[in-house]
Every structure is written in structure tokens, then in C-alpha cells.
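Inspection log for the structure reproduced underneath, given as C-alpha cells.
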Amino acid sequence: MNFSFEKKQLKHLYLTYTLAFLLVSFFVYGTYLITGYALIWHLDGANQHLPLLEQYRELVLNFFKDPSQGITQWAWNFGLGSDAFQVYSYYNIGDIFTYIALLFPKSQLALAFQLTIILRLYCAGLAFCYLAKHFDFGRWTIVAGALVYLFNAFLLYSNVAQPFFTTPFILFPLIIVALEAVLQKHSYLPLILVFTWMLISSFYFAYVLGIGAMLYLVLRFWTHYRRLYQPKDIFRVIFNLGLVTLTSLLCASIMLIPEILAVKNSTRSGGAFANGLTFYPPYYYLALPSQLINGANRDFYFWSALGFASLAFFALVYIVCERKKYPLLFGSFLLSFIMLLFPFFGAVFNGMLAPSNRWTLLTCLPMALAVCCLIKNSHKLTQKSLKSFTYSLLIYVAYIGVTYLFQNDEKLFIPVVFLFIFWSILIASNMPKIRSKLPAHLLLWALIANVCFNAIYFEAPYNGGYATEMLPAGAYKTLKNERFFGLDKALPDPQTDFYRISTLSKNYELGSDYHLYNVLGSKLYSINSYYSLQTKSLGDFSNVMQNSQYEANIPLGQVSDRTVLNNFLGVRYLFALPNQPNANKIPYGYELAKTTQKLTDPNGNSKKDQQTLLYQTKNAFPLLYLQSKAIATSTADKLNPTQRERALALGVVVDDKLAKNYPTTTITSEVVEVPYRLISSRGTVISHQDLVKQDSDETYQIILEEPEKYGAGELHFDFSQIKYTPFTFSEQLALEKRKQINDLTQGILAKNELLSSYKYFRYHILQGLPDNSFSLSVTSDLGQEKLFQPKQNALSFYKTVTQGTLNSGYFKELPASLTLTPSKLGTYSFKLKIYVEKLGTSYDKQVQQLQKQALQDVKLTKNGVSGNITATKKGILTSSIPYSKGWEVTVDGKKRTVIKTNHAFIGTTLTKGKHHVIFTYHLPGLKIGALLSALGLLLYASLGLFAFLKNKKATKTV
């Protein structure tokens with residue numbers, strides 16, 4: 001493959017590509033349209049991408065209307081509040097397609113969002129065509145390669161689910177062209193532009209593409225340029241590449257430095273490398289070969305999303321056969337294959353965290369080019385290549401047939417059929433008597449049919465296709481207007497009367513598998529939030545309180561409906577749906593305030609009646625208030641999680657040195673331990689230090705000792721030192737076989753021991769034995785909560801669970817027993833202590849006192865909060881505003897120190913008297929980033945001027 005910058009005419013290339021794109025897009029996107037779905041994913045699309053696009057558009061337009069107001073630096077509606085840049089930088093600021101929304105009216109933003117999804121993909125194909133023009137390929141060959149590049153499992157999923165995932169497909173071909181310009185001693189200025197765009201668009205994909213660019217340079221130099229370069233040429237290229245990298249980093253610093261600081265101070269930092277994996281589970285290796293052509297596949301095992309058109313299989317075999325002719329492509333495939341085998345590489349590409357193989361997006365380019373090479377030479381293949389195709393096909397199909405016994409994946413049917421179609425065309429194209437009778441461009445038309453069938457299989461909703469994960473057409477508008485069914489209309493504006501809202505745990509299901517993680521587009525502020533970058537202090541708070549709902553992307557959830565946590569976070573209102581889980585698990589002090597009209601089930605099934613309930617409490621803490629008593633961090637560390645929670649109403653946790661200056665408090669009488677016994681459903685007493693579950697139907701009763709003597713309270717289950725050891729493979733199979741033999745419920749003729757053995761063997765292979773995931777759930781009459789250890793393939797949602805506190809709810813009288821259910825067979829060991837948290841008149845008075853000590857005349861601004869307070873004694877101004885190093889505070893016009901309160905929130909010390917307090921947020925790294933970007937632009941302009949003068953001088957010389 002000769003990469004050339006010589007201009008050549010490929011007449012109507014982009015027109016041909018556009019027509020082919022429109023044809024395939026009719027099947028790709030038309031499938032959604034015809035079946036009544038929008039291109040809005042029920043998870044990230046509806047919770048993040050589209051609502052953030054709406055808000056960011058409004059923010060930009062407001063800035064242009066009145067630049068003197070400045071930019072929003074702190075967003076009060078992102079969960080408890082968040083650095084606005086931290087959120088927008090990941091999703092919007094550096095994405096050029098975001099700004100297309102400025103051209104649309106507010107009412108048409110959902111349409112704009114969906115159109116840009118298609119536009120991104122189209123631009124990715126244009127970028128490929130631009131790259132492929134530099135090789136000796138014809139127009140139809142390039143179009144075929146573009147279809148392979150675009151319509152694969154990776155993009156069929158992420159193009160809709162995560163639209164900005166398409167941007168690297170635009171950038172990577174441009175990076176390769178710009179790199180080749182440097183390698184061939186042309187201008188390096190285009191590479192600076194592309195690298196700067198890469199760094200600004202997304203720090204995550206900039207990292208992936210940066211590694212990809214370095215790998216390309218190494219492979220390209222080794223396979224080609226090392227034979228051409230003199231030592232001085234190598235030095236010159238290295239110098240130019242270094243200069244390009246430095247200039248690009250400087251130009252992008254205004255985005256890059258704040259982003260790096262945001263990532264460093266987010267909940268994503270500090271995860272286990274590769275989720276603790278050295279090798280992938282067996283099912284991953286079994287499925288990997290079939291993933292190559294399974295274009296309808298959505299089981300992205302560790303994000304190894306390939307799913308190319310079936311012609312890619314023969315292109316791969318062809319490159320292996322002709323590896324001396326195509327060493328760069330062969331090296332790329334060999335390296336990719338090795339990297340796919342080990343979690344280490346996935347973790348390295350994923351920022352040293354989970355083993356996510358999203359880097360496989362880089363394989364799409366060499367695979368598309370390999371298809372171009374095959375099509376270009378499809379009519380002049382050697383007999384050796386044709387035999388290799390035949391033998392490889394037979395072996396590959398045989399392997400897929402064997403693994404089908406494990407996966408039973410009917411989606412492979414179409415790709416396998418097209419394997420034989422492409423094989424037949426390739427064989428026929430090299431038979432002189434038949435070749436002349438074949439239609440022109442038959443391979444291209446077969447390829448179009450292949451990707452269209454893959455797309456329909458991928459999306460069509462009739463067999464659980466991807467369309468079922470989209471919102472129905474028009475549902476997003478309904479969601480925005482009716483998510484609280486009108487109960488929010490009469491609520492006060494939190495901008496003037498601050499409060500937050502929440503829902504009950506796992507309760508608020510609105511249909512279409514939509515989960516209410518964010519309430520963007522509403523005037524309300526919810527404690528729950530779901531973003532890729534979350535403030536690290538929120539994770540710290542959740543972990544200190546052992547919040548069982550903590551996730552890196554969802555740090556609080558509904559805080560397991562714990563009363564004091566809800567109150568402390570300012571939750572004045574709770575929304576609930578009565579016929580969904582945990583509907584009765586109402587925290588203490590929340591009274592029914594309003595309901596919607598009940599819609600009864602027409603068939604008389606009361607469990608399907610629909611109604612929305614609004615609960616209100618008088619115990620919500622103010623946003624900022626004065627605490628006169630302090631608790632040293634070292635003291636708080638010795639408390640159990642329930643005591644730490646209860647202490648929020650009694651004092652404020654600060655560092656030991658500061659705590660010495662204030663009176664302390666005690667909470668021993670507010671949290672009482674409840675003794676218990678653990679009894680198996682088989683009637684035996686169980687030790688929590690050696691709980692061996694051998695029957696999947698077995699559960700355990702937690703019997704409380706003398707529950708009547710404790711009165712009312714919230715019941716917490718404090719698990720610690722959790723350890724789960726699954727049975728070995730052979731032990732699992734033996735236990736399940738024994739259960740099958742002893743199971744008489746199926747009748748004496750239903751036993752099939754051979755089939756059962758195979759079924760269990762298959763199950764455990766596909767589950768990834770050894771599988772250390774598990775859950776421990778506690779169920780009461782009020783609801784259920786669980787601790788959940790995810791599988792190691794959970795990627796970003798993986799966490800190591802060794803402790804946690806489950807809230808069973810507020811009881812007027814404690815129950816005599818509750819049910820503990822370990823999810824899987826195996827041996828469990830843990831410590832369990834049960835506490836009742838006393839909540840009543842005493843607690844109400846403590847909260848009322850804090851409300852009297854609230855900051856008054858509170859004003860929320862784009863970059864902070866201000867107010868007045870009269871302190872009757874010295875104390876610590878305490879808040880539920882997440883701590884960040886970007887906060888500054890002035891008291892009566894004088895700068896004071898911002899302190900971290902209650903492990904995670906901002907505060908400051910106050911003396912006795914009247915005070916005017918202003919907290920101001922400044923984006924960390926913005927000033928130095930802007931300065932470096934200005935320096936980078938100056939350097940780029942200087943390099944451009946130098947290049948211009950040099951070219952002018954060279955022209956005069958000639």
C-alpha cells in the first residue's frame with residue numbers, strides 16, 4: 001500500500017459515498033422510525049446527552065446575549081451541585097456537533113439531537129474516504145471500505161447510545177493523513193490542528209487516539225520508513241512530532257488542564273487496575289472469534305465490539321496470506337489480536353482502570369482498508385489465497401457451530417449465510433468463464449445487503465433488538481412534562497426557597513426501562529445524579545456513610561431511603577409510585593402531602609393501578625447553617641455508619657485540630673444495637689462467619705431479640721468484612737445435579753440427567769466461573785435493600801464490596817424477623833450488627849434548632865452562594881454543598897479559609913455576631929490553562945509564519 005499525496009481525480013467519489021450512505025441509513029435508522037422509536041437511548045440519551053444539550057445551548061445563548069454576566073462555573077441542578085465545566089466538558093464543550101443545536105429553536109432540540117447522530121456518522125465516512133483517496137483504490141472500492149468502517153457493531157450501538165463516540169471515527173483517519181504528511185516531510189501544521197481538535201473534543205478519546213497514533217508511528221516506521229530514512233531524517237521527524245505535540249497541548253490547555261484536574265478529583269480515580277483480572281473469563285475467549293462478523297451482536301464482552309460485515313473475515317485471511325505485501329495491516333491485526341487476549345491492554349487504554357476494550361474502535365480503520373485491498377484484487381486472487389479462503393471458512397464455520405451449543409445465538413445466522421455468499425463471489429470472480437457474466441460491483445452490492453441485514457437484526461424490536469432500548473417517538477417530551485405527573489407544578493422555586501427532592505429506592509419506574517437518574521430540564525434539584533465525572537467528595541461521603549447505593553457514576557442514588565441522610569441533604573419532598581418496589585419504605589417524618597388521581601386497572605387488578613404520591617417533611621436541613629458543636633474526624637472514624645449519620649444533626653465533623661476549639665457531642669443514646677439470631681429456612685442456626693449455601697432455594701431468617709422493647713426507629717443492617725467464596729466448578733455441578741435428582745416436582749419422567757449436566761456446565765461457563773459476584777439482600781414488609789458485588793465485566797461500574805449498610809425502613813414497632821437472601825451458592829463470611837436509629841421528638845427539636853441557625857437571605861448565583869447570619873455564639877458554618885478546591889469564601893468582605901465539613905462539604909468558621917458570607921467558585925486550572933493556550937496559539941502563528949516565509953523564499957529561488 002503506497003500512501004501518496006499526489007492529487008488524483010476520483011470522479012463522484014463523495015456523491016457515490018453519499019448515495020450509498022443514504023441507502024444503508026434507510027435501513028439503519030429507518031428501522032427505528034418504522035417501529036415507532038426515536039434515536040434517544042433510554043439510559044444515557046434521555047438522562048445525559050439530550051438534556052445536557054438543551055441546557056448547554058441555553059447557557060451559550062444567554063452568554064452571547066449578555067457576556068457581562070460571565071459563564072456558569074457552578075451548576076446547582078447537577079445533583080447536589082457540581083462544577084459545570086466538569087460535566088459539560090465531558091459531553092458538550094469540545095464537541096463541534098453540539099453547536100449545531102444553536103441553529104434550531106428550543107422546541108426542535110430533540111430533532112436536532114437525532115439529526116446530529118446521523119450527521120456524525122456521515123462525517124466519519126467522509127473522513128475515511130478522504131484517507132482512502134491517498135491509496136491506489138477506485139471509487140467503488142473506497143465506498144465499500146467506508147461501509148465496513150461505519151456499519152459495524154461498535155457504531156451501530158454507540159452512534160446512538162453515546163453519540164460523541166463517533167467523533168474518534170472522524171478524527172483517526174485525519175490523524176493518519178496528517179502523520180503521513182510529517183513522515184513524508186510535508187507540513188506539520190495540519191497535524192497540530194487535528195491534534196488540538198482531538199485534545200479538545202474528549203480527553204478520554206484523546207488518550208485512546210494518542211496511543212493509537214503512537215502505535216501507528218511505530219508500525220509504519222518499522223514496516224516502511226526505516227528502510228528510507230537516514231539518521232538525520234529520523235531526528236527531523238522526531239523533532240517535528242515533538243514540536244507538534246507541544247504546540248497542540250499548549251493550544252488545548254484551556255480545556256485540557258481543567259479536565260485533568262476534574263478527572264483527578266472525581267469518583268473515577270483510584271479504581272482497581274483491570275478490575276483485578278489477569279485473564280478474561282472462558283466465555284470471552286469462546287465468543288471472541290464469532291464477534292468478528294456478528295454485526296447484530298450487543299453482548300459486548302468487555303467492550304470487544306467488532307461485528308464487521310462478513311467480507312471482513314476474508315479480508316483478514318487475505319492480509320495474512322499477503323502479509324509481505326501488506327506488512328502494516330498485518331502488524332495492526334497481529335497487535336490487535338494480542339491486545340484482545342489480555343485485560344492488561346484494555347485497562348491501559350482505559351486510563352489504568354477497568355479492562356474496557358473501547359480501543360477496538362481503532363481496528364475499524366485497518367479492517368476497512370483490508371476490505372479495500374481485497375476488493376481491489378478480488379478478480380486476480382491466487383489459487384493459494386482461494387484455497388486459504390475455503391479452508392479457513394470451513395474451520396471458522398465449524399468453530400461457530402460448536403460454540404453455538406454454548407451460546408445459541410441466532411443472530412449469527414445471517415453473517416454465516418453471507419460468509420458463503422462472499423466466498424462464492426470471490427471464487428466465481430476468479431473463474432474466467434463465470435467472471436464476465438457477473439454483475440459489476442457484485443461484492444459491493446452484497447456488502448450493502450450484509451450491513452443492512454445486520455442493522456435490521458441489531459435494531460428491530462421484535463426479538464429484543466436495540467430499538468426496545470430507545471424511547472418511543474414523542475416520549476421525551478412527555479417525560480419532560482409529566483415525569484412527576486403535575487405534582488411538581490405547585491412546589492416552590494428552589495432558587496428562592498432552597499430544597500432538594502428525591503424518590504424512593506428502586507421505586508420510580510416510568511416505563512420503557514427508563515430510570516430517573518437526573519431531573520435536568522426541571523426547576524427541581526434532585527440528590528440523585530448520573531454523570532461520567534462526579535465530584536470525589538460525594539464518593540467519600542457515600543463511603544463514610546456506607547451508602548449501599550454508591551456507584552462511581554451515581555454516587556448517592558436515593559441514599560437507601562435513610563431518613564437523616566435525606567434530611568441532611570435537604571430533601572423536603574419525596575415522589576413515590578405505590579405499586580412499585582419499596583413503596584411502603586417511607587423515611588421518618590415524611591407525610592403524604594398530595595396525590596394524583598388514581599387510574600384503576602380496567603381488569604380490576606389493584607396491583608396495576610397507577611398513581612403518584614408526594615411526601616413532604618419539615619425536617620429538611622438548610623443548605624447552610626451554623627453548628628456550634630464539633631466532632632473530630634478521629635472520633636467519627638470510630639463510630640459505626642448509623643452513628644455517623646445520626647451525628648449530622650448533633651454536630652459537624654471537622655479535622656482534629658479545628659475540633660478542639662469547639663464543644664463536642666455524644667450520640668450513644670440515639671443509636672441502639674439490636675441482638676439477633678440467624679436461622680436457615682431449613683430450621684438450623686447459622687453462623688454469619690461461616691454461612692454455606694448449598695441450595696439455591698434456601699433463605700435465612702434474621703430473628704430480632706425482644707424487638708418490642710426498642711420502640712419505633714429506623715432499622716439498619718451494618719455488614720462488614722464480607723467475603724464470598726464460590727464453590728469450585730466441580731462442586732457447583734455436583735450440587736446442582738443432586739438437586740435435579742432429588743427434585744420430584746417435575747414428575748418421574750421429566751428427569752434428563754445428561755441434559756441437566758450439560759445445562760449447568762454451559763451456564764457456569766457463560767457466567768464466567770470463577771464468578772465472585774454476589775448480593776446480600778434484606779427483605780421486610782416495607783421493602784428490600786441489597787448489597788451487590790458486580791461481576792468483573794461490569795467495567796466502569798465495578799467495585800469491590802466488603803461492607804455496607806442496608807436500611808430496612810422506619811418501623812413504628814420493630815418486626816420480629818426479616819429475610820436475608822444470599823444470591824448464589826458458596827460460602828459467605830461477614831460481620832453483621834443491627835442498629836435501631838431513634839428518631840422522634842428529640843430529633844425533631846435538633847433539626848428545628850439547626851433551621852433557626854440557617855443562613856438567611858440566601859442567593860444562588862452562577863458561581864456561588866451568599867447570605868446573612870447572626871451567630872449567637874462562635875461556630876462552624878456547615879453545608880451540603882460538595883467540597884472542591886475551587887471554592888473561596890469571604891466573611892464581611894474579608895477572605896477566610898474554606899474548610900471541609902462532614903467529610904465532603906464546604907464550610908467556614910464564624911465568630912459571634914452578624915456576618916455577610918459569600919462562597920465563590922472558580923474553575924481550577926482555568927487561568928493557567930488560558931495562559932498556556934494563548935502561548936500555544938502564538939507559537940502556532942509563529943510556526944505558520946515561518947512556514948509561509950520559507951515557502952516564499954523557496955518559490956523565489958526556483
* Structure fact -> Residue pairs meeting salt bridge (Lys or Arg N to Asp or Glu O under 4.0 Å), one or both in residues 846-866, sequence neighbours left out, come to none

* To do: Please report the shortest heavy-atom distance between Gly804 and Leu787, naming the atom on each side.
  => CA-CD2, 3.6 Å

* To do: Any chance you could measure Leu487, atom CG, to Ile501, atom CD1, to the nearest 0.5 Å?
  => 11.5 Å

* **salt bridge (Lys or Arg N to Asp or Glu O under 4.0 Å) partners of Arg644, counting only residues at least two apart** => none

* Please name all residues satisfying ring-ring contact (aromatic ring centres under 6.0 Å, His included) with Tyr530, sequence neighbours left out, ordered by chain then number. => Tyr517

* Asked: With a 4.5 Å limit on heavy-atom distance, are the side chains of Tyr883 and Asn902 in contact?
  -> no

* Asked: How about Gln803 and Phe719: do any of their side-chain heavy atoms sit closer than 4.5 Å?
  -> no

* Asked: Does Lys786 NZ have over 12 foreign heavy atoms under 6.0 Å away?
  -> no

* To do: Mind checking the CG-CD spacing from Leu650 to Glu670? Nearest 0.5 Å is all I need.
  => 6.0 Å

* With side chains defined as the heavy atoms from C-beta onward, is the minimum distance between Phe717 and Ile702 less than 4.5 Å? -> yes

* Asked: With distance as the sole test, does Ser266 use its side chain to make a donor-acceptor pair with the main-chain N or O of Leu533 at under 3.5 Å?
  -> no

* To do: Could you tell me whether Tyr531 and Phe78 have their ring centroids closer than 6.0 angstrom?
  => yes

* Asked: Checking Thr563 side chain against Tyr588 main chain: does a donor-acceptor pair fall under 3.5 Å?
  -> yes

* Structure fact -> Residues passing the salt bridge (Lys or Arg N to Asp or Glu O under 4.0 Å) test with Lys912, sequence neighbours excluded, are none

* For residues Ile906 and Tyr921, determine if any side-chain heavy atom of one lies less than 4.5 Å from a side-chain heavy atom of the other. => no

* **With Thr664 via side-chain contact (heavy atoms from CB on, under 4.5 Å) - residues at least two apart** => none

* Asked: Less than 4.5 Å apart, any side-chain heavy atom of Ser879 and any of Phe905?
  -> yes

* Between Asn868 and His916, do the side chains contain an N or O donor and an N or O acceptor separated by less than 3.5 Å? -> yes

* Structure fact -> Rounded to the nearest 0.5 Å, the OG1 atom of Thr665 sits from the CD atom of Gln846 at a distance of 8.0 Å

* Non-hydrogen side-chain atoms of Leu715 and Leu704 separated by less than 4.5 Å -> yes

* **Pairs meeting criterion salt bridge (Lys or Arg N to Asp or Glu O under 4.0 Å) with involvement of residues 44-57, two or more places apart** => Glu54-Lys480

* **Lys523, NZ atom: more than 12 neighbouring heavy atoms under 6.0 Å** => yes

* Check whether any side-chain heavy atom of Phe797 sits under 4.5 Å from a side-chain heavy atom of Pro790, and report yes or no. => no

* **Ile834 CD1 to Asp718 CG distance, which is reported to the nearest 0.5 Å** => 10.0 Å

* Pro494 to Tyr499 - nearest heavy-atom pair and separation -> CB-O, 3.8 Å

* Sole candidate of Thr909, Thr890, Thr908 that passes side chain to side chain donor-acceptor pair (under 3.5 Å) when paired with Arg896 -> Thr909

* What pairs with Gln495 under side chain to side chain donor-acceptor pair (under 3.5 Å), at least two apart in sequence or on another chain? -> Tyr525

* To do: Using side-chain contact (heavy atoms from CB on, under 4.5 Å) as the criterion, list what pairs up with Asn92, not counting sequence neighbours.
  => Leu52, Leu53, Tyr56, Tyr88, Thr98

* State, yes or no, whether a side-chain contact exists between Ser548 and Thr805 at a heavy-atom distance under 4.5 Å. => no

* To do: For Gln549 and Asn528, test the side chains for any donor-to-acceptor distance below 3.5 angstrom and give the result as yes or no.
  => no

* To do: Answer yes or no: are there more than 12 heavy-atom neighbours, outside Gln597 itself, under 6.0 Å from its atom CD?
  => no

* For Thr535 and Leu538, indicate whether the former's side chain and the latter's backbone hold a donor-acceptor pair under 3.5 Å. => no

* Asked: Within the distance-only criterion (no hydrogens, no angle test), does the side chain of Tyr508 pair as donor or acceptor with the backbone N or O of Arg483 below 3.5 angstrom?
  -> yes

For residues 806-814, dump all side-chain donor-acceptor pairs below 3.5 Å to protein atoms at least two apart in sequence or in another chain.
unit_1 : atom_1 : unit_2 : atom_2 : d
Asn807 : OD1    : Gly809 : N      : 2.8
Asn807 : ND2    : Ser560 : O      : 2.9
Asn807 : ND2    : Asp561 : O      : 3.1

* To do: Measure the spacing between CH2 of Trp74 and CH2 of Trp887 and express it to the nearest 0.5 Å.
  => 5.5 Å

* Asked: Listed by chain and number, what are the salt bridge (Lys or Arg N to Asp or Glu O under 4.0 Å) partners of Glu837, not counting sequence neighbours?
  -> none

* Asked: Tell me the salt bridge (Lys or Arg N to Asp or Glu O under 4.0 Å) pairs involving residues 867-885, sequence neighbours left out?
  -> none

* **Backbone N/O of Ile527 and side chain of Ser502: donor-acceptor pair under 3.5 Å** => no

Show me the donor-acceptor pairs within less than 3.5 Å that the side chains of residues 564-584 make with the rest of the protein, sequence neighbours left out.
unit_1 : atom_1 : unit_2 : atom_2 : d
Asn566 : ND2    : Arg562 : O      : 3.1
Asn567 : OD1    : Tyr843 : OH     : 2.6
Asn567 : ND2    : Tyr590 : OH     : 3.2
Arg572 : NH1    : Asp497 : OD2    : 3.1
Arg572 : NH2    : Asp497 : OD1    : 3.1
Arg572 : NH2    : Phe498 : O      : 3.3
Asn579 : ND2    : Ser606 : O      : 2.9
Asn579 : ND2    : Lys607 : O      : 3.2
Asn579 : ND2    : Asp609 : O      : 2.8
Gln580 : OE1    : Glu509 : N      : 2.8
Gln580 : NE2    : Glu509 : O      : 2.8
Asn582 : OD1    : Gln784 : N      : 2.8
Asn582 : ND2    : Ser505 : O      : 2.9
Asn582 : ND2    : Gln784 : O      : 3.4

* **Thr633 side chain to Val654 backbone, donor-acceptor under 3.5 Å** => yes

* Within a reach of under 6.0 Å around CG of Asn661, are more than 12 heavy atoms found that belong to other residues, nucleotides or ligands? -> yes

